[in-house]
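The next block holds one structure in the form of structure tokens; read it before the comments.
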Amino acid sequence: MFRLLVTGAAGFIGSHTCVCLLGRGYEIIALDSYVNSSARIYKRVIEIFERKGINIQSKLKIIKGDLRDKECIQNIFKNALLEKKPIKGVMHFAGLKAVGESVENPLKYWEYNWLSAFNLISAMVEFECRNIVFSSSATIYGLSKKSTLDEKSVINPINPYGNTKAAIEILLSDVFKRKENKLNVANLRYFNPIGAHSSGLIGEDPKGIPNNIFPIITQVAVKKIDHLNIYGNDWPTKDGTGIRDYIHVMDLAEGHLKMLEFLIKNDSKFINLNLGTGIGTSVMELVEIFKTVNDVNIPYRFVDRRPGDIDEIIADNSLAKELINWIPKRNIYDMCRDGYNWQINNPGGLG
Ligand code: UD1
């Protein structure tokens with residue numbers, strides 16, 4: 001089995017993807033700077049396997065490091081070569097993702113997101129690592145006029161966070177086009193990842209007050225937050241609240257695994273791929289389903305629309321089905337159940 005580098009491995013999507021990769025037998029170098037995560041997550045990842053009588057510790061090499069530091073990433077590739085276990089592929093999750101903060105501090109986002117990707121891709125070219133799966137986002141489609149988006153939709157991000165994601169896709173495209181680099185690229189454009197691993201051992205663990213709706217709902221459910229503010233009930237949707245395509249984080253993680261294996265088998269590929277369910281759920285529907293599935297109360301209030309929000313965004317995921325045979329297995333009920341299970345088991349997150 002190959003050795004893989006996972007950047008941002010301690011984060012929400014990174015940690016769930018590590019579980020998938022380890023379950024498949026891959027050896028991982030897990031890199032994280034912990035600016036927005038905690039190294040405690042790895043104990044939980046190990047425990048998921050221990051509960052099944054499997055010891056994966058020898059397959060998980062944990063490194064604390066920051067991709068903004070060019071030498072740090074060069075040393076990782078260099079040491080892997082010295083150990084005669086070169087890195088065959090990279091899953092690049094590391095980055096910041098708070099839209100509001102990116103507007104307040106754009107330079108920080110270009111540094112943490114873009115510069116980090118630049119250093120990583122430079123090191124990959126230098127050390128002849130050929131495969132990268134990049135954690136992009138549906139946010140790059142911006143204020144699209146269509147509500148169901150395929151990969152050919154116009155790229156038009158509307159904030160610095162989205163701009164950095166789109167710019168990294170362009171950087172990867174330029175490096176890919178130089179054939180001598182022999183780079184294989186997949187830009188995975190996520191819709192709205194929520195839920196948690198069914199064990200309740202790992203899940204989303206935002207530092208401070210969450211920005212996205214799902215961690216707010218789970219924290220309201222355990223009374224850590226008083227109520228949910230719903231941003232507008234006058235959107236042109238069936239019940240007036242915003243519609244999104246929520247996707248279970250484990251389905252997303254499995255999509256990464258399938259994508260990586262596709263890249264490794266096929267040379268010279270540059271793929272843009274939506275990962276979403278193709279199903280839209282309104283804020284009101286999400287709240288009602290969460291309440292029913294978990295038998296909890298979610299107090300809410302309607303407030304003004306949030307600047308920069310849109311009414312509806314849903315993935316056309318037919319390319320993912322066609323290309324890598326990826327079909328989401330978990331529905332919105334599973335997402336609500338697993339997300340709450342993680343929160344009640346870890347009311348204070350990982351501490
Ligand atoms: C947001 C970001 C997007 C980013 C994604 C990352 C914005 C404008 N967009 O997407 O760029 O890629 O997170 O995960 O920030 N809502 C409420 N009350 C809340 C929070 C949200 O009603 O307290 C509503 C929103 O209006 C929206 C839905 O819930 O209709 C989902 O919001 P959110 O979870 O923040 O995701 P996005 O806005 O889709």
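Both backbone and side-chain heavy atoms feed into the values below; hydrogens, waters and symmetry mates do not. Both ligands and their constituent atoms are indexed starting at 1 by order of listing.
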Query raised in the report: Parallel under 30°, tilted from 30 to 60°, perpendicular over 60°: which one fits the rings of F93 and H256?
Result: tilted

Report task. Look at the rings of Y109 and Y161 and say which category their plane angle falls in: under 30° parallel, 30 to 60° tilted, over 60° perpendicular. Result -> perpendicular

Requested in this report: Check side-chain contact (heavy atoms from CB on, under 4.5 Å) between A10 and all other residues, then give those that pass, not counting sequence neighbours.
Outcome: D32, Y34, S37, I41, Y42

Query raised in the report: Which word best sums up how the rings of W114 and W110 line up, parallel for under 30°, tilted for 30 to 60°, or perpendicular for over 60°?
Result: tilted

Query raised in the report: Would you say K85 and N79 make side-chain contact, with heavy atoms under 4.5 Å?
Result: no

Query raised in the report: Is the closest side-chain heavy-atom distance between N187 and I140 below 4.5 Å?
Result: no

Requested in this report: With a 4.0 angstrom cut-off on heavy atoms, strictly below it, pick out the residues next to ligand 1 and order them by chain and number.
Outcome: V99, S137, T139, Y161, N192, N211, N212, I213, I216, L228, N229, I230, Y231, G242, R244, Y246, V283, R306, D309

